[in-house]
Amino acid sequence: MIMGHDKAEQILSVLPGVDCNGHGGCGKSSCSECAEAIAAGESPALCPACTQTEVDKIAELMGVEAPQAKDEIAFVACSGDAAGKARFADCASCREAVEKGFVRGECKSGCVGCGSCIEYCKFGAMKVDNGDIIIDTDKCTGCGACADAEACVQGVIRMIPRDATNFIPCSSREEDDDLVREICGFGCIGCGDCARACPEGAIDIIDNHAVINYDKCVGCVACTVKCKKKIIVDTVHDLTKLKDKVAFVRCSGGKKASQVYKDLGIQDCREAVKKVDPKDYNLCTTGCTGQGNCTAVCRYGAIQVVDGTAQVDPDKCVGCKDCTYACPKHLIVMVPYRGAKMVPCASTDDYASKAEVCDSGCIACEACVSNCPNGAIHMEEAHAVVDPELCENCNVCQYMCPRNVIAERAVPEYNYLQRAALGLGEGE
């Protein structure tokens with residue numbers, strides 16, 4: 001067995017061999033000291049730049065079981081230019097820029113873009129491009145030197161798992177939400193919606209901005225979808241495609257039915273459909289039963305029963321379609337997220353029957369059809385249907401509808417800043 005200094009020399013020969021000069025994640029002042037610490041009994045994976053193969057070799061030298069190697073890369077938790085990048089362009093270092101001070105309207109927590117971190121990277125994995133720090137993930141070994149306090153005086157470089165798919169590109173400590181919105185398009189306002197939406201509890205609000213705990217993160221879309229400012233970068237899902245459609249409930253008058261089923265002791269939509277003939281209780285034959293099967297399957301709290309009828313919050317809905325399968329009456333359909341007028345009624349009954357059981361159902365008068373300037377509305381099984389591809393949200397149909405049935409759906413802001421944060425161009 002190799003002993004003492006000889007063992008440390010053997011370990012040193014396995015290490016990547018690029019000395020971080022005390023700035024790396026091992027916490028030692030040199031590679032030699034790191035090798036000696038491992039030889040003395042510290043983890044064979046002490047050097048974060050080691051690959052699994054290298055960790056295995058070191059463990060073999062030590063005669064111990066090989067632990068899991070760290071596989072991390074550096075990530076700059078700032079994608080904006082609000083920290084005075086343009087003004088600091090002539091500064092010799094990031095420290096000089098920070099000591100120069102920030103002016104009103106600048107982010108005090110962001111990347112100043114002088115690139116001091118680059119000189120600490122011994123693997124050639126970093127460069128600065130017009131004030132933006134670019135990290136080559138293929139070259140980055142995860143040594144952690146660039147994340148050292150001396151390398152990044154603003155503390156915006158963090159080590160994250162190489163296979164991470166969700167990122168929050170902001171380190172703002174600003175408490176004023178409105179000010180964050182004013183100074184940076186990528187700024188996190190610390191609202192906590194992403195944290196509350198995360199099914200794994202993987203997000204915390206720290207110093208007024210969201211931070212992901214990658215030990216818990218499973219790479220789902222909950223935080224990306226819920227983010228008010230749409231700044232959370234998701235390299236797996238394109239939010240513009242994911243949110244192309246959201247759920248919509250084709251009923252707005254289930255209050256009466258919901259109460260009837262509750263009085264009958266029924267708490268399940270499928271049971272209500274199976275056991276009760278709506279006509280026996282003067283109920284709409286196609287309306288919402290209001291017992292919440294759809295709400296039970298929604299992982300994001302996007303659908304709730306309000307006054308006996310299921311209602312979808314399109315800002316929370318991720319378009320997963322789970323609720324459409326849960327509804328035994330097939331009342332829930334997918335409609336464009338971009339917004340359009342919708343008719344929340346699917347009744348196939350005649351006018352007299354509808355009028356008797358519901359005061360918010362479509363009576364098929366066709367006033368909306370005949371007055372739509374774009375021909376976007378047609379009749380389908382005794383109720384109006386809006387073609388969202390043709391609808392221009394002009395409000396004529398709502399004005400003409402004698403029963404005020406047609407629903408207004410707000411057009412969301414198509415402001416998906418995570419694409420810019422990823423550096424993606426049009427079509428990518």
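Values below: all heavy atoms of this structure, side chains included; hydrogens, waters and symmetry mates excluded.
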Quiz item: If only atom types and distance count, is the side chain of H209 paired as donor or acceptor with the main-chain N or O of S172 below 3.5 Å?
Solution: yes
Quiz item: Under 3.5 Å, is there a donor-acceptor pair linking the side chains of Y337 and D315?
Solution: yes
Practice problem: Check whether the side chains of D349 and T286 place a donor and an acceptor atom closer than 3.5 Å, and report yes or no. | Solution: no
Quiz item: Do side-chain atoms of D350 reach the backbone of S353 as a donor and acceptor pair under 3.5 angstrom?
Solution: yes
Practice problem: Compare every heavy atom of A302 with every heavy atom of C298, then report the nearest pair and how far apart it is. | Solution: SG-N, 3.2 Å
Practice problem: Check for a donor-acceptor pair, side chain of T235 on one end and backbone N or O of T165 on the other, with a separation under 3.5 Å. | Solution: yes
Quiz prompt | Nearest heavy-atom neighbours spanning G292 and V305 | solution = CA-CG2, 3.9 Å
Quiz item: Should the pair K127-D136 be classified as a salt bridge under the 4.0 Å nitrogen-to-oxygen rule?
Solution: no
Self-check item: K341/E392 salt bridge by N-O under 4.0 Å criterion
Solution: no
Quiz item: Only one of V385, V405, I377 forms a side-chain contact (heavy atoms from CB on, under 4.5 Å) with V343, so which one is it?
Solution: V405
Quiz item: Hey, is the main chain of C91 close enough, under 3.5 Å, to the side chain of E96 for a donor-acceptor pair?
Solution: no
Quiz prompt | D71 and R162 ion-paired at < 4.0 Å | solution = yes
Quiz prompt | N/O donor-acceptor pair under 3.5 Å between N293 side chain and C269 backbone | solution = yes
Quiz item: Hey, do the aromatic rings of F88 and F102 have their centres closer than 6.0 Å?
Solution: yes
Quiz item: Is there a side-chain contact between P16 and C50, using heavy atoms and a 4.5 Å cut-off?
Solution: yes
Quiz item: Should I332 and R250 be marked as a side-chain contact (heavy atoms from CB on, under 4.5 Å) after you check the CA-CA gap, both sets of side-chain angles, and the distance that decides it?
Solution: CA-CA 6 Å; I332 307 177; R250 297 181 297 163; over 6 Å; no
Quiz item: Taking all atoms of both residues into account, what is the closest heavy-atom pair of A145 and A151, and its distance?
Solution: O-CB, 3.4 Å
Quiz item: When you measure from the side chain of Q259 to the backbone N and O of K256, does any donor-acceptor pair fall under 3.5 Å?
Solution: no
Self-check item: Non-hydrogen side-chain atoms of P344 and C251 separated by less than 4.5 Å
Solution: no
Quiz item: So, T53 and D56: side-chain donor and acceptor under 3.5 Å apart, yes or no?
Solution: no
Practice problem: Starting from the C-alpha separation in whole Å, work towards a yes-or-no answer on side-chain contact (heavy atoms from CB on, under 4.5 Å) for I135 and I73. | Solution: CA-CA 9 Å; I135 296 174; I73 56 174; 5.6 Å; no
Quiz item: Can you tell me if NZ on K329 sees more than 12 non-hydrogen neighbours from other groups inside 6.0 Å?
Solution: yes
Quiz item: Taking the side chain from E72 and the backbone from K70, do they hold a donor-acceptor pair closer than 3.5 Å?
Solution: no
Quiz item: Do NZ/NE/NH1/NH2 and the carboxylate oxygens of K108 and E174 come within less than 4.0 Å?
Solution: no
Quiz item: When you look at CD of Q52, are more than 12 heavy atoms from neighbouring residues, nucleotides or ligands closer to it than 6.0 Å?
Solution: yes
Quiz item: Minimum heavy-atom separation for Y261 to P278, with atom names?
Solution: OH-CG, 4.2 Å
Exercise. Would you tell me whether H378 and E380 have side-chain atoms, one donor and one acceptor, within less than 3.5 Å of each other?
Key: yes
Quiz prompt | C26 and C34: CA distance, side-chain angles, deciding distance, side-chain contact (heavy atoms from CB on, under 4.5 Å) verdict | solution = CA-CA 7 Å; C26 69; C34 179; 4.0 Å; yes
Self-check item: Intermediate values then yes/no, salt bridge (Lys or Arg N to Asp or Glu O under 4.0 Å), R87 and E106
Solution: CA-CA 10 Å; R87 194 168 58 85; E106 290 181 343; 2.8 Å; yes
Exercise. Mark yes when over 12 heavy atoms from residues, nucleotides or ligands other than K85 sit less than 6.0 Å from its NZ; otherwise mark no.
Key: yes
Quiz item: Taking the six-membered ring for Trp, are H23 and Y120 parallel (under 30°), tilted (30 to 60°) or perpendicular (over 60°)?
Solution: perpendicular
Exercise. Tell me, yes or no, whether the heavy-atom count around N130 atom CG, taken from other residues, nucleotides or ligands under 6.0 Å, exceeds 12.
Key: no
Self-check item: D148, CG: over 12 other non-hydrogen atoms inside 6.0 angstrom
Solution: yes
Quiz prompt | Residue pair S109 / R173: nearest heavy atoms and the distance that separates them | solution = OG-N, 3.2 Å
Quiz item: Does the side chain of R158 come under 3.5 Å of the side chain of S171 through a donor N or O and an acceptor N or O?
Solution: yes
Quiz item: Can you tell me if D204 and N213 form a side-chain donor-acceptor pair at under 3.5 Å?
Solution: no
Quiz item: Quick check: are there more than 12 heavy atoms from other residues, nucleotides or ligands sitting under 6.0 Å from NZ of K255?
Solution: no
Practice problem: Return yes when atom CD of Q267 has more than 12 non-hydrogen atoms of other residues, nucleotides or ligands closer than 6.0 Å, and no otherwise. | Solution: no
Quiz item: Side chain of D129, backbone of D132: donor and acceptor closer than 3.5 Å?
Solution: no
Practice problem: Dump the intermediate steps for side-chain contact (heavy atoms from CB on, under 4.5 Å) on N393 and E408, then the final yes or no. | Solution: CA-CA 8 Å; N393 240 16; E408 175 76 32; 3.8 Å; yes
Practice problem: Say whether, by atom type as modelled, one donor and one acceptor occur between the side chain of Y325 and the main chain of H330 under 3.5 angstrom. | Solution: no
Quiz item: Is the shortest heavy-atom distance from the side chain of I406 to the side chain of C368 under 4.5 Å?
Solution: yes
